[in-house]
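Written below as structure tokens is the structure these notes are about.
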Amino acid sequence: MGIVIDVRDGAGKRKRKWHSFKGTKRQAQDERTRLLSRQLQGSYVEPTKLTVEQHLRARLAQWEASGKIGAKTAERYAELINNQIVPRLGAKLVQKLKPLDIEAWHNALAIGGRKDGGGGISARTIGHAHRVLSKALREAARFDLVTKNVAATERPPKVDDEEEVAIIEEHRLGDLLKGLAGRAMYPRAVTALFTGARRGELLALRWGRADLDGKAIEVAEALEQTRAHGIRIKRPKTKAGRRTVTLPDIVVDALREHRRAQLELWLKFGFGKLSDDDLLFPALDGGPISPRAFSAEWADVAASIGMPDVTFHALRHTHASQLIAAGIDVVPISKRLGHASPAIRLKVYAHLFRKRDDKAADVINAALANLGAVR
């Protein structure tokens with residue numbers, strides 16, 4: 001059965017629009033009345049055969065082309081679209097998508113969302129996929145492709161804080177540092193653990209921005225790896241990402257020894273002296289290390305010292321946790337970590353915060369003294 005209504009285009013010309021409908025004649029009349037009412041209210045949208053997959057891929061291309069998202073974010077969005085959204089919702093028409101479809105999709109991902117069929121995926125990943133879909137549907141509503149964003153009415157599963165934030169317990173921290181001592185990973189891990197630098201920021205650090213006498217280092221770039229662009233160094237995504245971080249003694253000592261060893265290696269290979277543009281933690285040829293290869297190396301090292309559950313990103317979370325527990329104020333912690341906003345995940349401890357960032361290095365030194373950690 002078909003429903004026909006008259007609509008006017010942008011030029012004011014009247015044209016007829018057909019809507020397919022399944023139901024009784026009375027139900028068809030009610031639907032026609034509803035469509036006419038929407039037309040009068042300005043909320044009518046023309047029928048389209050656009051699928052969820054087609055819309056998502058078109059929006060992703062537009063977001064990247066317009067510079068609204070970077071290459072790394074675009075790659076992550078593509079993974080979520082390909083692995084979590086398209087297999088279950090891709091063939092559905094955008095205009096036919098219902099809140100019940102979103103709820104069923106969440107449940108399906110939680111039960112059997114893994115690519116290998118080995119069970120469900122985490123609530124965090126479901127949330128990431130949900131936000132990509134909701135972003136695209138919000139724009140579909142803005143461009144009059146749908147009447148509303150149905151993903152906005154259905155929330156993704158709640159993420160457990162323990163799943164989201166992994167922190168190395170204090171009694172394991174000393175063992176971690178002792179296990180890493182003497183390894184090439186030690187100065188990298190110590191720098192990340194006691195500055196809060198992200199993996200990409202750590203791998204983009206240059207000697208010209210490391211003031212070991214002044215016990216500070218400037219974070220001004222980040223390394224990223226994407227299929228589209230390979231490995232490249234870029235500026236931080238936000239102004240807050242560029243910052244100067246004070247260094248506790250354990251980092252200063254580790255970097256001094258690391259610089260000495262790196263200079264010896266440079267001279268052996270015939271590279272000459274270290275320049276300000278040279279990376280603190282390069283590959284053997286002096287170029288940047290692949291972030292993925294670095295993560296794989298960390299996983300091997302962590303497993304070899306009996307801590308396979310400790311991810312490299314946990315070092316950053318542990319640093320934030322130390323400073324919060326020590327009573328450092330939320331604003332300097334946020335600045336130290338490169339957050340655009342002080343509303344960090346552990347703000348529940350705000351009543352413990354003090355006010356000065358230069359206490360951070362002293363706090364770390366005291367904590368290490370208590371642990372009896374290797375220096």
Side-chain angles (χ1 to χ4, degrees), residues 124 159-181 183 185-203 205 217 219 222 241 243 245-255 280-281 291 294-295 297-339 342-350 352-354 357-375:
R124 177 170 50 190
V159 175
D160 186 348
D161 286 342
E162 291 184 2
E163 173 193 345
E164 186 87 6
V165 179
I167 295 172
I168 305 169
E169 301 90 341
E170 185 175 345
H171 70 275
R172 302 182 71 198
L173 190 54
D175 292 338
L176 175 69
L177 294 175
K178 290 175 183 176
L180 293 174
R183 297 172 179 258
M185 183 61 72
Y186 178 77
R188 309 173 200 173
V190 165
T191 303
L193 180 58
F194 298 121
T195 66
R198 302 172 177 92
R199 179 189 63 177
E201 294 171 338
L202 181 83
L203 298 180
L205 291 174
I217 196 164
V219 179
R243 61 205 186 273
V245 181
T246 56
L247 302 177
D249 294 341
I250 187 173
V251 178
V252 174
D253 293 345
L255 290 182
L280 267 68
F281 307 113
F294 178 80
S295 292
E297 181 183 356
W298 168 261
D300 289 342
V301 171
S304 71
I305 61 174
M307 295 189 177
D309 58 313
V310 176
T311 65
F312 191 78
H313 197 62
L315 304 182
R316 174 174 166 85
H317 287 315
T318 301
H319 182 62
S321 175
Q322 286 179 326
L323 300 182
I324 290 171
I328 305 300
D329 187 76
V330 62
V331 175
I333 290 178
S334 180
K335 290 180 179 179
R336 187 174 177 87
L337 296 178
H339 287 296
I344 60 175
R345 196 177 308 280
L346 300 179
K347 63 183 178 181
V348 58
Y349 297 104
L352 299 175
F353 296 155
R354 299 192 189 109
D357 172 71
D358 59 10
K359 293 181 181 178
D362 293 335
V363 167
I364 294 170
N365 290 334
L368 288 169
N370 292 334
L371 286 170
V374 176
R375 290 178 53 180

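Only this structure's heavy atoms are used, side chains among them; waters, hydrogens and symmetry mates stay out. It should be emphasised that the depicted structure is a prediction, and the values quoted were computed from it without experimental measurement.
- Here the side chain of Thr318 pairs a donor or acceptor atom with the backbone of Ala314 at under 3.5 angstrom.
- Of all non-hydrogen atoms in Leu337 and Ala320, the two that sit nearest each other are CD1-CB, 3.6 Å.
- The CG atom of Asp253 lies 10.5 Å from the CG atom of Leu247; values are rounded to the nearest 0.5 Å.
- Expressed to the nearest 0.5 Å, how far CG of Leu202 lies from CG of Leu193 amounts to 11.5 Å.
- Nearest approach of Val310 to Ala302, heavy atoms of both residues: O-CB, 4.0 Å.
- Taking 4.5 Å as the limit, every side-chain heavy atom of Leu280 sits out of range of all side-chain heavy atoms of Arg188.
- Residues in residues 311-321 take part in no salt bridge (Lys or Arg N to Asp or Glu O under 4.0 Å) pair, two or more places apart or across chains.
- Screening residues 190-203 for salt bridge (Lys or Arg N to Asp or Glu O under 4.0 Å), with sequence neighbours left out, gives Arg198-Glu201, Glu201-Arg243.
- Taking each heavy atom of Ala254 and Pro187 in turn, the nearest pair found is O-CB, 4.2 Å.
- Taking every heavy atom of both residues into account, Leu203 and Pro291 meet most closely at CD1-CA, 4.0 Å.
- In this structure, Leu177 CG and Ile168 CD1 are separated by 8.5 Å, a value rounded to the nearest 0.5 Å.
- Asp309 meets the side chain to side chain contact (heavy atoms under 4.5 Å, CB included) test with Arg172, Met307; sequence neighbours excluded.
- Closest approach of Leu180 and Met185 over heavy atoms only: CD2-CG, 4.3 Å.
- Residues passing the ring-ring contact (aromatic ring centres under 6.0 Å, His included) test with Phe312 are Phe294, Trp298, sequence neighbours excluded.
- In this structure the side chain of Thr191 reaches within 4.5 angstrom of the side chain of Leu205, judged on heavy atoms.
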